[in-house]
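The basis for the numbers below is simple: all heavy atoms, side chains too, and nothing from hydrogens, waters or symmetry mates. Below, chain A is the first sequence line, B the second, and so on; all start at residue 1.
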Protein chains: 2
Amino acid sequence: MLTPIARQTATDSVFDQVAGEIVSGELGPGDILPSERALATALGVSRPALREALGRLAQAGLVQIRQGGSTQVTNWNDVAGLDLLPRLLLVNGEVDVVVVRSIFEMREVIGTDAARLCARRADTATRERISNEAGAMSISDDPAELAPIALRFWRQVINGSGNIAYRMAHNSLAVTYEPMMDIVAELLRRELTDVRAHQELAAAIAAADEPRARELARHVLRLSEPDWKSALIMIGAQDDD
Amino acid sequence: MLTPIARQTATDSVFDQVAGEIVSGELGPGDILPSERALATALGVSRPALREALGRLAQAGLVQIRQGGSTQVTNWNDVAGLDLLPRLLLVNGEVDVVVVRSIFEMREVIGTDAARLCARRADTATRERISNEAGAMSISDDPAELAPIALRFWRQVINGSGNIAYRMAHNSLAVTYEPMMDIVAELLRRELTDVRAHQELAAAIAAADEPRARELARHVLRLSEPDWKSALIMIGAQDDD
DNA sequence: GGCTACAACTGGTCATACCACTTGACCACC
DNA sequence: GGTGGTCAAGTGGTATGACCAGTTGTAGCC
């Protein structure tokens, strides 16, 4: 399987390195970064490239920049937004099980409410698209093939909910688990292969049955909960159930 | 009330202007931006400053940059994460009521589940902090004074939930409504002034009573639902209830 | 002790030159 | 006609050096 070779820019390298030091705790809240000139020299890049990275780190909520002052690490737990989540999945080369668990939990909560709202708000075309995607899930029982279909299914559901925050949070979550999509698909096997449950949900949405859509969405999104929970325990999470 | 004068950098100005054109639809998905050299000249800034802005626009999911190619507007509805939400609140100088409604809905769903998980997972110190913040809510019945306390209350609840995605989504939401905090506080008056409800929730969390915490959180977070809903209708939202 | 001026340092920007990559056109060969 | 190679023009990526704008600390004066 051939994939494109992606050359990493200097700016990306700097961003990755500094962000990694911050989220891993090597650089803590309040720590002062060296001056731009010193940092550019230390990292072997030009100052403009370094500045690009710093601007992005500031946008990600990891540092605060003040002209004439110095660049300081934030208490990013309190200020960084959901877009930082992909950076937290792997810390020091290891999967952070709290991040994985958080993703599944959030996926369930948002998906459930999105389905409820979708039953109320979606237009006819969206309801049809949801039914079509639910139907398309019968083409295979391989999770790797079903995952993109399910993603499209939920995207339509969230579209139909009319809640743009759910839309964008869903995007943030998807970007986070995309690098381990095959593993996620396997963990969600029970959900992905239950075509009938998806179709019943699509039917409840089509029928504008809000409580039923909510109940079914919750059911679907919980089908694989035992599997991902036990997998997380296997790789180190505390069992809190 | 004097506030610090924030001088806007050229990079910030470029970012704001281009992001505004994209989210307002003036620049649509697939549109090609002029070359960096042409755009820098057109906007009257240097190319490095322009590049800093473009890198940030790419990070925000609004454009895609390819070396040797051109910079293209994404279908950002499908790729931008939650951190873009503040940019969507005001479009063409007007409040987007869908964004406001989305925030309130998401706040309720995440807050409810966070309280449930908090009852299960929080350590003793966090439970105490939650109780302390609930207690602190009796110092006033002015929403403007209560809003920061409530924010801290919910921040602790979300801390205690152990769900980092909720944490960061909450940060993203907070940044979005912060510029209109006084209006939001007024809309949430019924919630913010109901000290007893907050204290009962804190007690349920302290008692590790998960279902009760969930029920009470939902109750608290829905107290002001009629108010924000009618306010949204007044400024133009469709009533979909 | 408080105020002012200055120097040193930091971040912000600009101009210029050059490097790396992409695309399209053209040519040669099979 | 299809494939591969080369070249030119254009785009993004980077570096260097100079200068501007803001911040902080120190010294001197009253």
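- Judged as a salt bridge (Lys or Arg N to Asp or Glu O under 4.0 Å), and not counting sequence neighbours, the contacts of A/Asp12 are A/Arg56.
- If you measure from atom CD of B/Glu52 to atom C1' of C/dG12, you get 8 Å, rounded to the nearest angstrom.
- Between the side chains of A/Arg121 and A/Asn163, no donor N or O sits under 3.5 Å from an acceptor N or O.
- Taking the six-membered ring where tryptophan is involved, the planes of B/His198 and B/Trp154 are perpendicular, since the angle between them exceeds 60° and thus also 30°.
- Across all strands shown, A/Leu54 has no heavy atoms under 4.0 Å from either base or sugar-phosphate atoms.
- Distance, A/Gln64 CD to C/dG11 C1': 13 Å, rounded to whole Å.
- Put simply, CD1 on B/Ile32 is 11 Å from P on C/dT23, counting in whole angstrom units.
- Atom CZ in A/Arg51 sits about 6 Å away from atom P in C/dT13, given to the nearest Å.
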Could you run down nucleotides 15-20 of chain C 5' to 3' and tag each one B, S or - for protein heavy-atom contact under 4.0 Å? ---B-B

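- Looking only at atom types and distance, the side chain of A/Ser13 has no donor-acceptor partner in the side chain of A/Asp16 under 3.5 Å away.
- For the pair A/Leu39 CG and C/dT10 P, the computed distance is 12 Å after rounding to whole Å.
- Using a cutoff of 4.0 Å between basic side-chain nitrogens and carboxylate oxygens, A/Asp141 and A/Arg189 are not scored as salt-bridged.
- When every heavy atom of A/Leu173 is checked against every heavy atom of A/Arg107, the shortest pair comes out as CD1-N, 4.0 Å.
- Using modelled atom types and a 3.5 Å distance limit, the side chains of B/Asp83 and B/Ser172 yield a donor-acceptor pair.
- Positionally, the nearest nucleotide of DNA chain D for A/Gln8 lies more toward the 5' end than for the other of A/Gln8 and A/Arg66.
- With hydrogens and angles ignored, the 3.5 Å screen pairs no side-chain donor or acceptor of A/Asn92 with any backbone N or O of A/Ser24.
- The shortest distance between the side-chain N/O atoms of A/Thr71 and the OP1/OP2 oxygens of C/dG11 is below 4.0 Å.
- On the nucleic acid side, DNA chain D has its first and last nucleotide under 4.0 Å of a heavy atom of chain B at D/dG10 to D/dG22, going 5' to 3'.
- A donor-acceptor pair is defined here as one N or O able to donate and one able to accept, closer than 3.5 Å; no such pair exists between the side chain of A/Arg37 and the backbone of A/Arg47.
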